[in-house]
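Accompanying notes for the structure given below.
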Amino acid sequence: MQEQLFEAFSIMVTGMVTVFVFLVLLMAAMLVLKRFAAEPFDAESNAMKAAATPTPIQSADDTQRLAAITAAVHAYRHDHESAE
Amino acid sequence: MQEQLFEAFSIMVTGMVTVFVFLVLLMAAMLVLKRFAAEPFDAESNAMKAAATPTPIQSADDTQRLAAITAAVHAYRHDHESAE
Amino acid sequence: MQEQLFEAFSIMVTGMVTVFVFLVLLMAAMLVLKRFAAEPFDAESNAMKAAATPTPIQSADDTQRLAAITAAVHAYRHDHESAE
Amino acid sequence: MERWEVLWQSTALSAFTWGQAAMMIVGAVLLYLAIVKKFEPLLLLPIGFGAVLANIPLAGFTEPGGMLYYIYAVGIDTGVFPLLIFMGVGAMTDFGPLLANPRTLLLGAAAQFGIFATLFGAIALNGLPGFAFSLKDAAAISIIGGADGPTAIFLASKLSPDLLGAIAVAAYSYMALVPIIQPPIMKALTTKAERAVKMEQLRQVGRREKVLFPLAVLLLTLLFLPTATPLVGMFCLGNLMREAGVVDRLSKTAQNELINITTIFLGLAVGSKLSASEFLSVQTLGILGLGAVAFAVGTASGVLMAKLMARFSKSPINPLIGAAGVSAVPMAARVVNKVGLEANQSNFLLMHAMGPNVAGVLGSAVAAGILLALVG
Amino acid sequence: MERWEVLWQSTALSAFTWGQAAMMIVGAVLLYLAIVKKFEPLLLLPIGFGAVLANIPLAGFTEPGGMLYYIYAVGIDTGVFPLLIFMGVGAMTDFGPLLANPRTLLLGAAAQFGIFATLFGAIALNGLPGFAFSLKDAAAISIIGGADGPTAIFLASKLSPDLLGAIAVAAYSYMALVPIIQPPIMKALTTKAERAVKMEQLRQVGRREKVLFPLAVLLLTLLFLPTATPLVGMFCLGNLMREAGVVDRLSKTAQNELINITTIFLGLAVGSKLSASEFLSVQTLGILGLGAVAFAVGTASGVLMAKLMARFSKSPINPLIGAAGVSAVPMAARVVNKVGLEANQSNFLLMHAMGPNVAGVLGSAVAAGILLALVG
Amino acid sequence: MERWEVLWQSTALSAFTWGQAAMMIVGAVLLYLAIVKKFEPLLLLPIGFGAVLANIPLAGFTEPGGMLYYIYAVGIDTGVFPLLIFMGVGAMTDFGPLLANPRTLLLGAAAQFGIFATLFGAIALNGLPGFAFSLKDAAAISIIGGADGPTAIFLASKLSPDLLGAIAVAAYSYMALVPIIQPPIMKALTTKAERAVKMEQLRQVGRREKVLFPLAVLLLTLLFLPTATPLVGMFCLGNLMREAGVVDRLSKTAQNELINITTIFLGLAVGSKLSASEFLSVQTLGILGLGAVAFAVGTASGVLMAKLMARFSKSPINPLIGAAGVSAVPMAARVVNKVGLEANQSNFLLMHAMGPNVAGVLGSAVAAGILLALVG
Ligand code: NA
Ligand code: NA
Ligand code: NA
């Protein structure tokens with residue numbers, strides 16, 4: 001029991017140290033990436049990309065937007081016709 | 001042969017009785033459900049649910065609706081431009 | 001080596017002849033099909049079919065079209081409001 | 001020269017048997033029925049194509065190493081494919097009309113007489129020369145009367161895999177023929193006045209009932225008929241995913257991509273069981289005949305049960321809706337609607353027939369469980 | 001008579017054990033939590049349903065020939081299902097907020113203390129009567145603190161398959177309970193002034209960084225922690241497909257149909273491990289208790305680490321975002337946002353919390369790799 | 001201390017071989033080609049990623065228990081994955097342009113000379129030191145000239161699984177390079193006047209012809225070349241589902257989700273065959289060289305055949321369309337269109353080139369069947 005507890009404790013220490021070392025290394029890699037791979041931000045391309053990969057949630061939004069547009073178009077049609 | 005026929009006949013009787021007993025039990029369960037789980041009908045929520053689960057057919061409708069809207073918008077654009 | 005080369009050569013000849021024979025047979029089958037199965041062309045049904053089976057590319061187009069429509073409707077809404 | 005000899009030996013022309021050629025024609029007929037006659041094309045097209053592929057000499061589709069061999073082993077031998085289809089069907093099923101009118105469950109029960117009468121009939125056929133159906137064979141054949149594809153395939157794969165091809169083909173073909181088989185029987189057993197009876201509008205059923213219903217079905221099944229739980233359980237899982245409202249993305253996938261993928265594979269694998277040695281026999285004629293009997297008896301018992309219920313019911317019951325108890329969803333319910341309209345132009349029975357229709361699905365899954373328990 | 005006897009023998013009523021009945025109730029409770037309480041319904045609904053099916057007497061779902069047996073063998077024994085889920089999660093993950101603020105990786109690291117402290121705690125529990133967790137068991141249990149479903153299932157299937165059911169149930173339940181477990185701890189460890197701290201807006205991250213990031217993660221993992229490469233590798237593959245911009249159709253399929261199909265099967269297979277002999281024991285209570293400890297410790301260490309970082313940072317850091325380091329994406333980040341808003345109505349922490357949130361996913365996958373290396 | 005030793009032993013750093021490191025670079029190059037150069041990214045991205053994963057020391061992806069091991073065993077060893085891809089490609093293929101101009105089948109036939117000449121070339125290479133291709137190897141390599149990924153993978157998995165990785169990489173790379181490889185050859189073999197030739201508009205092809213065509217292809221294949229029926233059969237099934245018009249939901253699933261899921265797995269599994277011992281050899285250089293020869297010879301024979309046909313044809317034939325006979329759908333047809341436009345700004349050859357283009361797919365599937373019959 002005592003021995004197993006010690007083993008568990010040692011795994012705890014080893015594990016936490018390793019996790020930290022690993023993620024610090026990854027942090028370093030990110031800083032390298034930032035320095036060498038960062039690009040001037042291009043708002044348009046990102047916006048387009050977001051539009052091009054609809055998640056299920058977004059596609060539900062699309063349906064709602066579609067409904068909104070339909071309603072809008074109908075309203076316009078109506079207005080337009082009555083205007084004539 | 002005679003024996004096999006008798007066996008088949010006995011399976012027929014046993015089977016039909018069991019099917020009926022089972023479905024009568026299920027009917028009883030449904031009456032229990034109706035008594036204890038029925039809720040005042042909420043038209044709006046059902047309608048919303050139907051809207052939220054588009055079948056392939058509905059999404060085909062969407063495409064057609066989209067086409068209709070596109071046409072409508074183009075028509076408006078055209079009218080609008082000519083109006084200016 | 002010599003022998004293997006000869007074998008490869010013989011496969012080359014056999015193979016090309018077989019490919020040609022096979023595809024000539026298929027060509028004959030196509031002419032038979034044309035004679036007996038060709039139908040007067042029905043432009044409308046084909047167009048509808050194309051519309052009914054959107055490829056991923058087309059659905060991407062749909063998203064863009066949707067965006068375009070949204071923009072258009074917003075523009076109209078804006079014009080309309082300012083017109084009032 | 002020798003190479004040409006090898007090539008000739010590797011053409012099918014040198015190896016074709018009459019049986020294989022005949023089975024190709026069977027496959028072609030199934031493709032014709034699927035594409036031109038629109039007989040259950042989602043299944044009969046892949047089944048017909050699978051039948052053609054399986055009978056190509058020297059191609060080895062159904063031998064170890066061949067694609068159809070693997071698909072069959074993975075999906076049918078294990079029973080997984082029909083169960084996945086059943087889950088998808090559950091996710092597509094709305095039990096609302098049945099919950100609104102629980103009595104129609106009895107119609108779904110009565111129509112199962114088509115199954116059990118056919119079992120008796122199959123054994124009786126053994127009196128004729130050329131027929132030697134075992135009890136398992138008879139049970140597998142009789143399930144054609146359930147008018148439900150995945151149930152038939154599941155049961156046949158467990159009880160009589162050799163007959164699987166013929167049974168599945170018969171089941172789907174007769175389901176497609178429901179608009180031709182049922183109306184004469186329905187009309188023969190009812191008067192025009194009966195067919196013209198209008199039924200009261202159904203109550204609306206709330207979400208809570210719909211969520212609890214598949215669980216209630218599962219509970220009763222697992223208590224009283226555990227052998228039916230694979231089929232009923234997967235059906236209820238699909239239905240629960242549909243009605244729970246919290247896992248819509250799973251429900252949609254079960255109803256669309258998953259059932260489509262499984263359907264392609266299931267059809268090919270079923271088709272791969274259409275081999276000459278099994279299919280080109282007098283047995284197949286017997287199966288086709290028994291299947292027709294099963295549909296007819298099921299339709300008749302449903303209608304007669306509805307007539308009986310109408311006699312004792314306070315609210316009016318149109319006996320036609322009993323015919324929908326065979327399942328064949330939603331074709332049978334549409335047939336009921338059509339025949340009802342013929343008798344009375346303002347008589348819309350579709351929703352009333354959906355109750356017995358989905359009851360018939362449960363009924364035949366239960367019947368399959370009973371058969372597994374008694375002869376499996 | 002005899003036939004009725006056979007039918008009775010084939011009902012579950014004659015064969016039910018108390019354990020099976022109790023596990024059905026467990027399954028029903030999971031369904032209730034999923035449907036009514038909306039606790040991680042995508043997983044808990046199939047898990048609960050699987051638990052019910054697996055405990056039906058005589059139905060044989062989990063024996064060779066049964067559907068759940070095959071699904072478990074194909075997807076969990078091999079580790080393939082959790083890896084596919086992880087690929088899909090990778091394809092849904094946006095590393096932008098993390099890349100914009102790399103320091104938040106440290107929060108994702110600190111929160112993993114929940115895992116390792118729990119491992120120690122599990123061994124310490126062996127001091128009580130009724131507990132005898134091996135090191136492998138303890139490691140599998142501790143991963144609940146990773147607050148990540150597929151990681152927990154993957155590790156448990158490798159180290160302690162018998163506990164898989166209880167571990168997965170605990171992991172998903174506590175993930176659903178994050179809005180209840182975390183806020184008290186977060187508030188206890190911070191002052192209102194700390195919680196009201198606003199953080200600077202994040203920089204925009206370009207596509208090139210986002211494409212290279214999963215590759216950098218993979219590179220470091222394969223160099224230093226190859227045992228973590230199955231999990232991290234599939235996660236990075238999904239993320240690379242997302243960000244590469246050239247395989248959108250694969251990325252969408254990984255995020256939708258493929259992950260949905262896998263989720264249905266994974267849930268059923270996990271549920272099939274909820275057997276009475278394993279689940280109805282004091283061990284399960286231990287697992288549930290340890291899981292709660294793991295979440296609490298992870299949350300606390302994340303918050304404390306954030307406080308430490310705030311002390312040495314030039315730009316302001318709100319210590320609440322440390323709580324998101326346990327992962328439980330995106331629930332934990334939302335909780336951070338909510339608690340932050342309570343302290344300051346114009347303090348929107350959501351995007352700031354997404355960094356530690358996704359860092360926590362990487363952190364627990366790394367921790368799983370370490371555990372596999374040390375005790376696997 | 002000892003625990004740190006265990007961790008170090010479990011890092012890849014202690015176990016890397018030069019070969020594995022080199023193969024990782026190969027994987028990285030493939031990812032670069034896929035993402036930055038957009039070389040067939042749908043395949044080369046998963047292949048490149050699979051190559052990286054497969055070469056991680058101590059991770060065991062390709063050993064029993066590892067994910068890539070299972071995926072390879074299930075999908076490539078059995079041949080199922082390339083066949084499913086081929087079914088999806090069939091469902092995406094429109095045979096209209098070919099049916100409108102059946103003569104272009106001859107171009108698809110002529111271009112297969114690239115395959116058979118390369119087979120001869122591979123055996124001839126054995127004269128050089130370091131090369132010892134068996135006939136099976138040579139046949140598997142030569143199929144690169146078919147310019148069709150699933151065909152190449154299917155044949156290589158049957159004839160020469162060790163070379164599968166290199167062959168698939170070469171096939172997809174050269175398909176991506178078609179716009180660079182083909183134009184110089186096309187221009188060298190034609191005059192500007194020939195390239196400027198306009199062709200007559202194609203007739204519209206009705207649905208009935210399109211439905212019957214895949215069945216006719218299947219019939220001829222099963223009669224004369226049963227070894228080609230797995231590939232041709234699945235292709236025709238996909239095309240039949242597309243054209244039948246009654247199973248649109250199956251056709252769409254085959255074209256989208258099913259092919260996407262299969263593509264991810266297929267790519268990973270192919271990548272898993274990129275091991276140092278097989279790939280880092282002079283053989284691979286030979287394969288790459290032979291692949292280039294195959295594409296060049298195929299292109300040249302297609303163009304020369306078209307010139308020959310033009311001489312005897314009443315209606316004008318632009319010899320450029322012969323180049324599309326190598327398949328590489330639809331890239332080769334686009335290249336034809338582009339080169340045609342360069343010669344004559346109003347000369348749109350795209351639809352005319354689609355005929356030989358899809359004929360090339362059939363041609364190389366047929367060639368694969370011949371090779372299986374002769375050397376399999
Ligand atoms: Na039925
Ligand atoms: Na975590
Ligand atoms: Na080709």
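First the proteins, then the strands, lettered A, B, ... as listed; each starts at 1.
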* Has C/Phe9 got more than 12 heavy atoms of other residues, nucleotides or ligands less than 6.0 Å from its CZ? -> no

Which bit of [X] comes within less than 4.5 Å of chain C, counting heavy atoms only: side chain, backbone, both or neither?
X        : result
F/Ser134 : backbone
F/Ser251 : neither
F/Leu374 : side chain
F/Phe95  : neither
F/Leu219 : neither
F/Ala100 : neither
F/Phe213 : both

* Measuring from C/Met12:CE to F/Ile123:CD1, what's the distance to the nearest 0.5 Å? ->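 The CD1 atom of F/Ile123 is 12.5 Å from CE of C/Met12, to the nearest 0.5 Å.
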
* Asked: Can you tell me how far CG of F/Asn126 sits from CG of C/Leu5, rounded to the nearest 0.5 angstrom?
  -> 8.0 Å

Exercise: identify the closest heavy-atom pair between [X] and [Y]:
X        : Y        : value
C/Ile11  : F/Phe116 : O-CD2, 4.1 Å
C/Ala37  : F/Leu212 : CB-CD1, 3.8 Å
F/Gln112 : C/Met16  : C-SD, 3.8 Å
F/Leu119 : C/Ala8   : CD2-CB, 3.7 Å
C/Gly15  : F/Ile370 : O-CD1, 3.7 Å
F/Pro102 : C/Leu31  : CG-CD2, 4.1 Å

Heavy-atom check, side chain of [X] versus side chain of [Y], under 4.5 Å:
X        : Y        : result
C/Met30  : F/Glu209 : no
C/Leu26  : F/Leu105 : yes
F/Leu106 : C/Phe20  : yes

* Considering only heavy atoms and a distance below 4.5 Å, find which of F/Ile115, F/Val375, F/Val366 pairs most often with chain C. =>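 Most heavy-atom pairs under 4.5 Å with chain C: F/Val366.
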
* To do: Tell me, out of F/Val217, F/Leu220, F/Leu362, who's got the most heavy-atom pairs with chain C below 4.5 Å.
  =>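 Counting heavy-atom pairs under 4.5 Å, the top option is F/Leu220.
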
